[in-house]
Each structure stands twice: as structure tokens, then as C-alpha cells.
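To start, the structure under review is shown below, and the notes come after it.
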2 protein chains.
Amino acid sequence: MSEPQSDEGPRRPVTLDDVALRAGVSQPTASRVLNGSARKVAESYRTKVLAAARELGYTPNLAAQVIARGSSRTVALIISGISDPYFSAMAAAIMRQAEANDLRVSIAVTDRRVDRELDLVRELRGQQPQAIILAGTGYVDPPSGGELIAELQRYEETGGRVVLISRTDLPFETVRFDNHEGARELAAELAGLGYRRSLVLGSATPLLSMQQRVEGFVAGMAQSSADTATEVAYPEFTWEGARDHILGLSDDELQRLQLVFAITDDMALGAIAGLRARGLRIPEDIAVAGFDDITTLRDVVPPLTTVHVALDTVAEETIKRALSPDGDVRTVPASPVVRASTPRLHG
Amino acid sequence: MSEPQSDEGPRRPVTLDDVALRAGVSQPTASRVLNGSARKVAESYRTKVLAAARELGYTPNLAAQVIARGSSRTVALIISGISDPYFSAMAAAIMRQAEANDLRVSIAVTDRRVDRELDLVRELRGQQPQAIILAGTGYVDPPSGGELIAELQRYEETGGRVVLISRTDLPFETVRFDNHEGARELAAELAGLGYRRSLVLGSATPLLSMQQRVEGFVAGMAQSSADTATEVAYPEFTWEGARDHILGLSDDELQRLQLVFAITDDMALGAIAGLRARGLRIPEDIAVAGFDDITTLRDVVPPLTTVHVALDTVAEETIKRALSPDGDVRTVPASPVVRASTPRLHG
DNA sequence: TTGTAAGCGTTATCAG
DNA sequence: CTGATAACGCTTACAA
């Protein structure tokens, strides 16, 4: 009635106080109606508050709620990158699962800068998330390992949960998928198809899960009864790295090969680009296999043999653990999918 | 000395109070060295506070800072999906640009559910972000338009900024890229290559920017001197939708076509899958073009003719506007990239 | 320069 | 069932 209305200039956001005032009730009552759990408010008040809130366009101030409640319905996801199709698929799966559990996800990206991981954990800790999820990076020999672990432990001590995805380099609960086993089975299948002489493209960056893929594949080939020859190279961990490595091979080396296994689909495609540039046809002249089974890549020609990982399951297990501890280390299976890029050899 | 240490059970997080106490200074002093701007603190105190903070593993409680300061160094990004390579590229570009400006990004996904957009805006408003960025959806005839606009206006009135990306259906500052013009130029180039009879795959979901692509292409073809015939279809706005539409065409219709233009690369790939299933070779029997120039798709065969959008520029302009108003509606160019999927026709 | 005191918007406790 | 009142962790006048 008496307030000078319709000024220009940023008005103060509508607060619970405003709503309470307008509804003619106390702040706590308004709070109970708008957020609280049990419906212990008289119907008459209830409707008044609701009306006032709607008229004023009230939105609860999340920060205030967090600070008052001391907890936050948020999980923080630390991930290497987001344009990478593998990680964006992972992030999407996690967000879907989180939403189903009424959790917000705050995403932070390391861009593969090792030290950022520590910074991000520090920063995220300030958001008081229910859990911090580390997906993806994970070095064979973690550079800032000690500090990172200390930081995460402090976070856990104050009630936060730490969940790792596909990395076992840190002493926290982990959702793994079986990189070693998946690659091993793939190798076994390919050996069964007649492949003997293969090149494995690993990662120059010493990522643990990637090294497991290399080792799994080598083991799988070695296990096959036939005598096999498997070389391993460690180019840069990118599409370009894989391509460039292929471009750098001698004609002789290339001739001898029957198969290139790259530790990710992305690198497999780089390898294919390189092989084609060298004048080879896939799969007629040489076969190629990858790892991850990225759906965005369903259109490459020829369809890529790879190892499929059930990201939805991974996400489900991850969120479950983010909400409450669960001692046993579930390992989500990763299983080979043979497609046209690796046909049976010697028909 | 006297505190009973090493309990089990969630300890309370370390607060500024704890740090101040340990450093033997007052809370504000601790605050000033740890966060405040001017270095108006004696060097002796300064070092003590820093030491205490490090020893205790202090992290500022972000929520408390937000509530005390009233502002948040965060921008909220509302996006259709994140596994979609186009949107993940967009999100990545925005995050990169935001990081460069010391902003956090909180991502929310609509999953193409129309009404979610309104809910998300409400929810995000509670986070008091500096800006809300709406990327992507944008209906020709916004279903919840009125309410959405009201909500966003309220947000702006309280000092928040609203920035739209590639949608002009709402009365807020917009970073556009020229869907119409990009498609028009593409059509002109293709007409120049000899294409006359084409099929345009639009979107059954009435998305404004998508409709602009359709119209731009149609206009471009019509402008070409030669007499052209352009049909437009509106299948579901997905890879499958495009494929299924192709599968549903009669042999006759298919025979007549020289070119399929799909309004996104993703749909273009669906179309290719359909065409191949129908026994056609690309580009020998029929040409295909898309829109977006998604980098993840660099490996499709044949390389796809498409329209490139400079997402980095889009992101840059977006963040700039998120930080401060900037009246003029910059339109980021979108320009055709002709590749092997649309070779010159008739030698 | 430093500390005291008052807020920021919300929830939780505890009388009425 | 409701409403004072005290937190929550931090910042920002204002006084010392």
C-alpha cells in the first residue's frame, strides 16, 4: 500500500520474509509450507502462503538453504573433458541417474591438466556436495597423489563421500569396469578369428585404466594357443596421436600387421585415418579395433569392433555409492563387440 | 592440547572461525587474507592465517560466501542434452570461456522436455547465478512462453542477466548464428554444383532455429537461376527419425532425388544410414549434406558437406553478455563447408 | 590496521 | 499448530 513501487534498478530478490509478511504468517510457517517435510500447517495458512509465494515469484535461495541445513543434494563430478564423446556419454549417464535421485550435478572439467584435479577438489569441497565423483583421469603414478588423497580424506571426514570411476589409484570406493578383462576377451575373440600379428596403440600419458587395456589385450593374445606377435606403442593419447603414429611406421612394419588395436574408439578412428592415408583399406588390408563403444560413432565405416561398457550401470552404481557407502567393489562388465572392422581372417 | 582428538564419525568442516582461532586473529582478519581484495593485513598476521588455513585444510564455504556477498561468480547453462555431440561441443566451449573469466558453470539439462525449461529456470534462480544462459531448445511457438518469460524477467529485475543462444523466441539478449543465412549459402553452393532436386529433412518438433535452416535452404535453392525442385519433410528430430523417413520413401521418390539436406549432421547421418539400407551409394547415387559441422564426425565416410558454426565465438560472445549487457545483437556467421558427400554433378 | 557487531536467507529448536 | 529466537559461515560497515 505504502511502498514506493516500480522503481527501475535491480530490486532485491523476493525472500521468505516477503512471502511470510504478505501471507500474514511467520517466517518459519512460510518455510514449512514451501519446503518443510510434514504438512503440519493449517490449510488456511497453507493456501495463503502458497498464493503469496506465487504472486511474488518466490524462489528459495539455495545457498541459504544449504548453509542452514548443512547439506546440499548436490554431487560434484570431476571429469577430463566434456566434448570428448566418451566422457560426455558418461556425464550424461550420471546426470540422468542423479536426476532420478533428486540430485543436482555440478560438473568440473580438468581438461587433462593433472594439477587441476587437486584445485578442483578444493574448490568443490566448498560447495558442500554430498559426494565428489572422480571420473576418468587417474594416473598410473599420480603426480599430486599425496595431496589429493589428503584433501579427499578431509572431505570424507566431514561426511562427504568420494566415488571413483574406473581408477584404482586412490584409496576410495570405486566403480570399475573391467578394462583388463574386456581387452583380454577382445583379444581372445580376435585371436579366434585368426589374427596373429597386431599392434596395440596405448597412451603416452600414463593412465592406469588405459594401461590395463593394453595389458589385457596383450595377455589375451598371449593366451591364445597360436603363436602371436603383439607390439605395443605409446603415442599421444589422442586421435591425432594415433594417426601420426601410423603415419610414422615403415612400410615393412605396416605390411606385417594384420590388426591395430587402439585403447579407445577415438584413437582407433585416428588410426583408421592414418591407415587410409597410407593407402590401406579397412578391413580388407588391415583390421582395426577400439574400446568404449561410443554411440556417436555408430556411423563410421566400417562399423568398429570395440569393447562395450554399460555406462548406465556404471552411473547407477556410482550414484548409489554417492548416496551411501557400499563396501563391495562392483565391477561392471565390459564385453567385446565384434563388427565389420575385424572380419574372420583367411576365410 | 586439550581437545579430544581422533574420534570416528563426521567431524564438522573447518570454518573460518577455526582458522581465526588457531591463528590468534579475529574472523574478519582471517577473511581478509583468505578472500578479501586489498592486502590491508599486517604481514605477520597474514602468514599466520595462511599457515593455519593450510594446516587445518580450510576451504571457504561457497554457500556462505554467496549468501553473505549476495552474488555468485556462477552462470547457469540450460541445454537440451549433453550426450548430443552438438550440445556437448557447445557446453565445452562455454565452460572454457567461463573458466577464462573465473566463472563457474552450472549445467542443467532439459532432455528436450519442454516444460522442464520453466522448472529449471525456477530452480536455477535459487542459485543466484550471475546469468542464465538458454541454449538450444527454443520453440517456434513456445508452449510455456508466457510463464517462462515472466520468470526470466523477474530474474533480470533482481540483477541477473539472461542470454539466449540461437533462439529469438524470447525477448532477451541473444547470440545468434545465422541459421537462415548459413543454410541459404549452402543451398546456393550446392545449386552451383549442379544440384536441382533435393529433399530437406526438417524437424517435427517445431524448433525455431531448425525451421530457419529449412527456410534458408529452400530460399537458397529457389534463388538459384536454374529451376529447382525442393521438397520438405518433417520427420522426428533424431537420427532415427531421419533414417526412418528415408526408409519410408517410395522407390520413385528416391530415384528422382539428387540430394538430401538434413538440418543437423546427426540427422544427415541417419539419412545416410537409411539411404545405404535402400541400396544407394553416397555420393555416387545420391548426395547428402548436414548442418553443425560436428568435429566428432570427422571420420564418417564420405566426409560430410555441412555448415560450420564457430562455437568458440558464440561462447565468447555469450559469456561477454552474461557479464554485462551489450545491446547489439551480434550474429556469429555460419558458413558452408563443401566436402566429398556432395561432389560436383554432371562432371 | 584490527576487532566488534550486524547482517545475508534459511532452517531448527523450543517454548507457547 | 505456530511463532520467537538462535543458529549456519561468511562479509561488510563501523568503531576502536
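Chain letters run A, B, ... following the sequence lines, proteins first and then strands; every chain starts at 1.
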Between protein and nucleotides 5-7 of chain D, what N or O pairs are separated by less than 3.5 Å?
none

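- Taking only side-chain atoms of B/Tyr45, from C-beta outward, the nucleotide of D/dT2, C/dG9, C/dT2 with the closest atom is C/dT2.
- Between D/dT2 and A/Ser26, no contact under 4.0 Å exists linking OP1 or OP2 to a side-chain N or O.
- Listed in residue order, the members of residues 119-130 of chain B having a heavy atom less than 4.0 Å from DNA chain C come to none.
- Minimum atom distance to the side chain of A/Ala42 is reached by D/dC1, of the listed D/dC1, C/dT10, D/dA13.
- For the pair B/Glu157 and B/Arg154, the salt-bridge criterion is not met [side-chain N within less than 4.0 Å of a carboxylate O].
- In terms of phosphate contacts, A/Thr29 brings a side-chain nitrogen or oxygen within less than 4.0 Å of OP1 or OP2 of D/dG3.
- Contact check, B/Ser31 against D/dC10: no side-chain N or O comes under 4.0 Å of OP1 or OP2.
- Between the P atom of C/dT1 and the CZ atom of B/Arg46 lies a distance of 13 Å, rounded to the nearest Å.
- Between C/dT11 and A/Gln65, a contact under 4.0 Å exists linking OP1 or OP2 to a side-chain N or O.
- Here the nucleotide nearest the side chain of B/Thr15, chosen from D/dC10, C/dT10, C/dG9, is D/dC10.
- OP1 or OP2 of C/dC8 has not a single side-chain nitrogen or oxygen of A/Asn61 nearer than 4.0 Å.
- Rounded to whole angstrom, the span from the CZ atom of A/Arg69 across to the C1' atom of C/dT13 amounts to 16 Å.
- With hydrogens and angles disregarded, a donor-acceptor distance shorter than 3.5 Å links the side chain of B/Arg161 to the backbone of B/Arg321.
- Direction change of the helix axis from one end of the helix from C/dT1-D/dA16 to C/dG16-D/dC1 to the other is 40°, with five pairs defining each end axis (rounded to 10°).
- Between D/dG9, D/dC1, D/dC10, one nucleotide has an atom nearer to the side chain of A/Ile67 than all others, and that is D/dG9.
- A/Asn35 has no side-chain polar atom (N or O) that falls below the 4.0 Å cut-off from OP1 or OP2 of C/dT10.
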